[in-house]
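One structure below.
It should be emphasised that the depicted structure is a prediction, and the values quoted were computed from it without experimental measurement. Worth knowing before you read on, the calculation uses all heavy atoms, side chains too, and leaves out hydrogens, waters and symmetry mates. Position 1 is the first residue of the sequence, and the numbers go up from there.
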Amino acid sequence: RAKDAQANIKELTLSVDKAVRAKDAQANIKELTLSVDKAVRAKDAQAQSLQSLNGWWKNTDGLTCMVQDGLCDFMKTTVTISLSDGKLSLNGWEAADIQLKSVLWQKANKTMTWSRIESASQLDVLNGAWVNTDGIECNVVKGSCSFDSKGNFDIVMKDSLLMLNGWTAVTVNEQRIQWQKAEKTMEWRKADQKPKDNKRVAPPVDATKALEALTGVWTAVQDGSVCIVSGVGQCAFVRGKDVKATVDKGMLYMDGWKTAPAAASGISLKWEKDGTAMEWRQLEDVKAVGALNGGWENSDGLQLDVADGICTFVAKGVKAQFKIADRMLTLNGWAVVRISEGDATWQRGGQQMQWRRAEPGPPPREALAAGPPTPAASISSIPEAAAGAGSGAGGRSSPSDCAAWASVLTRLEGTWLSSDLSVWTVLQGKCFSSAAGSQELALREGGVAVLEVGGWTAISVEDDIVKWKSQINAMEWKRVKAASEVSVLNGFWKNGDGLLCFVSGGLCSFVSKGVDSKLAISDAGGVSLNGWLAFEIRPNEVSWQKGNQSMQWHRIEQAKEVELLDGPWKSSDGSTCNVLEGVCNFGAKGSVGLTIQSGRLQLNGWAAVSLSPTLLKWEKGGKGMEWTKGDQAEAKAAVPAAAAPAAAPPTASVPADAPAAPATSAYAYASEDSTAPPPPPPEEPEEST
């Protein structure tokens with residue numbers, strides 16, 4: 001029994017020991033589980049605190065940043081937010097307190113606060129004019145995006161992401177925004193920013209389709225030149241060179257000019273080259289291709305005569321109307337693909353036909369009876385011809401010829417606008433073209449008075465209309481009856497004495513003097529100002545004469561040349577800026593360049609409607625704003641003010657009896673004179689960065 005008892009005790013001891021060890025193991029497992037759980041919760045808490053920073057923020061210094069998964073993007077640089085010992089740090093700053101809408105940061109004895117941005121209207125980086133990959137322009141003001149052709153759309157913020165019509169902004173900075181929608185991508189660039197390289201985020205462009213979309217007859221708005229695009233990007237300029245259009249990196253290129261392919265399908269196409277803009281418009285009037293006017297002979301030997309959009313088949317007397325089909329100029333199903341000085345090429349299907357200029361026919365019987373024609377006589381030779389009055393023998397003009405010449409010359413005196421948009425002046429026997437310069441007026445002898453100007457022959461001279469014809473073209477003059485019709489004069493000018501003036505709608509405002517003078521049409525038909533006559537009008541220069549005096553105007557094309565803008569200004573809402581050489585500095589908010597577009601002084605799309613040495617008025621839509629010139633002595637940065645010239649220029653300076661205008665209306669813009677489309681509404685200049 002004792003032996004059995006010892007065996008039972010040993011077995012019981014082993015059982016108890018096993019139970020104790022099992023209990024200890026369970027306690028250890030539980031403790032370990034609690035420890036692991038605690039560590040996981042701590043890590044989750046840290047991750048949640050980092051995740052809670054996702055979104056848009058603005059700090060106490062006014063800087064904007066975007067936080068996403070531990071990366072903080074300050075628009076110009078990206079910084080990583082690190083997590084160490086349960087604390088978030090950024091550039092040496094530690095997050096001392098994290099709330100839903102604010103974060104308090106500390107660094108030594110300094111503190112800084114972030115405030116959450118919850119609406120796109122609070123993001124100043126979005127404000128301004130943008131151009132997307134397709135060349136479509138839009139303007140963003142306080143979260144509202146305005147497309148000229150499609151209306152307004154709001155940029156919304158959802159889950160800290162910016163969204164517009166289903167597109168999500170994946171990259172945002174001051175000059176570029178990248179958008180994504182499913183598999184598509186799109187890029188916006190600031191309208192006034194030139195990409196430093198050709199990298200553009202754009203959907204793939206089918207080069208063949210892009211070039212085919214360019215097909216048609218186009219007219220350049222600036223100079224009236226005509227370009228025929230056929231085939232796959234073959235561009236033939238009328239009486240000019242042939243150029244091949246290409247597609248590279250999603251853009252259309254032609255002779256250094258570039259545009260977005262999507263724009264080629266419209267009626268207007270805007271090109272850009274080294275900061276210069278050019279606009280093409282689709283041919284709308286068959287009469288506009290004046291290079292086809294005149295006599296021709298086609299490949300079949302048929303004689304043709306073209307005038308005012310109608311082709312007459314001479315032998316049969318049949319007339320055919322030119323038409324515009326598939327954006328090409330056509331005649332009986334044939335489309336013209338090239339026009340040069342002496343020939344024109346037509347295509348229909350796989351066929352091709354040539355037109356060649358018809359040789360001039362024999363002179364009229366009356367002209368043969370009067371003897372052979374002699375070289376044209378210049379204006380200076382007309383009096384000599386009159387002195388040698390007679391029957392016209394020896395090639396000299398008869399008295400009746402000179403009388404006819406004098407009559408025609410008198411009717412031509414004045415200022416004219418031609419059908420090719422150039423300005424012609426005929427004053428005191430001198431003829432000048434804004435496009436071609438000085439021209440010679442001449443009278444061809446031989447019994448019939450004929451007037452020639454630079455190869456043009458006058459076929460009809462009336463009081464207000466003159467019709468001209470050259471070997472390959474036709475042109476019409478219309479008399480200018482109001483100075484406001486000469487729109488090439490609109491804009492800023494500076495005369496030889498440095499006096500600044502602004503012309504708009506027939507009114508010349510001498511800005512530094514604060515006096516307005518009205519442009520008029522003189523009795524001789526020329527544009528006049530205070531007794532001065534404009535003898536030569538060019539796009540960028542005007543030559544004036546008064547008696548034996550002469551004076552030149554030179555166009556101002558850059559805002560930095562308007563020196564009276566230099567100096568400190570204060571706007572009507574209390575903000576300040578400092579202007580120096582055409583750049584407006586808003587202090588911490590950055591600098592913005594002033595520009596002159598279509599003769600208008602502009603700042604981020606705002607147009608100045610009144611300018612004097614001390615007051616500048618701006619307008620956009622129905623809103624207005626005023627800038628008042630500040631005391632330069634109080635300006636933070638000394639900027640020289642524009643000094644008034646010591647002496648006014650001859651007669652272009654304001655006469656003593658000229659009516660004085662208030663300083664606030666030194667010049668005014670006439671919007672009806674502007675041919676450029678209005679710019680999209682800009683953001684307030686003081687808010688533009």
Side-chain angles (χ1 to χ4, degrees), residues 56-65 74-77 115 117 120-130 139-144 146 172-177 188-194 558-597 600-621 623-642 679-689:
W56 290 89
W57 301 86
K58 180 177 285 189
N59 68 11
T60 46
D61 293 331
L63 294 178
T64 301
C65 68
F74 285 97
M75 306 297 108
K76 294 182 179 179
T77 182
S115 299
I117 294 175
S121 62
Q122 298 174 268
L123 281 175
D124 295 339
V125 70
L126 298 177
N127 293 333
W130 299 84
N139 196 69
V140 179
V141 179
K142 296 189 181 302
S144 179
S146 172
V172 180
N173 60 43
E174 294 176 345
Q175 299 294 339
R176 188 168 63 97
I177 302 177
W188 283 10
R189 283 190 180 271
K190 271 292 174 68
D192 58 350
Q193 183 241 0
K194 295 180 183 178
Q558 295 184 342
K560 66 180 180 181
E561 299 178 65
V562 187
E563 296 173 351
L564 64 83
L565 291 172
D566 287 349
W569 296 84
K570 185 175 182 180
S571 73
S572 50
D573 66 357
S575 60
T576 59
C577 73
N578 205 54
V579 178
L580 177 62
E581 295 186 347
V583 177
C584 188
N585 187 352
F586 291 96
K589 297 182 179 179
S591 299
V592 183
L594 291 155
T595 60
I596 295 178
Q597 301 178 20
R600 294 170 176 258
L601 181 66
Q602 296 199 10
L603 178 68
N604 278 349
W606 285 80
V609 295
S610 174
L611 171 63
S612 75
T614 58
L615 185 65
L616 181 55
K617 292 185 177 181
W618 301 89
E619 186 178 52
K620 71 159 186 179
K623 297 198 298 183
M625 177 173 56
E626 290 186 3
W627 285 10
T628 306
K629 199 68 168 284
D631 185 358
Q632 293 190 13
E634 298 176 359
K636 292 182 180 179
V639 181
E683 179 51 25
E684 304 285 347
E686 60 273 14
E687 294 180 4
S688 174
T689 57

* Are side-chain heavy atoms of L565 and L611 found at a separation under 4.5 Å? -> yes
* For the atom pair CG (N127) and NZ (K190), what is the distance rounded to the nearest 0.5 Å? -> 8.0 Å
* Structure fact -> Of all heavy-atom pairs linking W606 and G624, the shortest is CZ3-C, 4.4 Å
* Give me the ring orientation class for F586 and W627: parallel if the planes are under 30° apart, tilted from 30 to 60°, perpendicular past 60°. => perpendicular
* Structure fact -> All heavy atoms of V125 vs all of W130, minimum pair found to be O-CZ2, 3.6 Å
* Non-hydrogen side-chain atoms of T64 and L123 separated by less than 4.5 Å -> yes
* **D566 backbone acceptor or donor facing K629 side chain under 3.5 Å** => yes
* **Side chain proximity check, L601 to V562, heavy atoms < 4.5 angstrom** => no
* Structure fact -> d(L616 CG, L564 CG) to nearest 0.5 Å is 9.0 Å
* Structure fact -> Heavy-atom nearest pair, S612 first then W569, reads O-CH2, 4.2 Å
* Structure fact -> One should read off an interatomic distance between Q602 CD and K620 NZ, to the nearest 0.5 angstrom, of 13.0 Å
* Asked: Hey, does V592 have a side-chain heavy atom less than 4.5 Å from the side chain of V583?
  -> no
* **N59 (side chain) donor-acceptor with D61 (main chain) under 3.5 angstrom** => yes
* **OG1-NZ distance between T595 and K560, expressed to the nearest 0.5 angstrom** => 13.5 Å
* Structure fact -> SG of C577 to CG of L603, rounded to nearest 0.5 Å, is 8.0 Å
* To do: Kindly compute the distance separating CG (L594) from CD (Q558), expressed to the nearest 0.5 Å.
  => 12.0 Å
* **Minimum heavy-atom distance between V579 and C584, given as atom pair plus value** => CG2-SG, 4.0 Å
* Is any side-chain heavy atom of E626 less than 4.5 Å from a side-chain heavy atom of W618? -> no
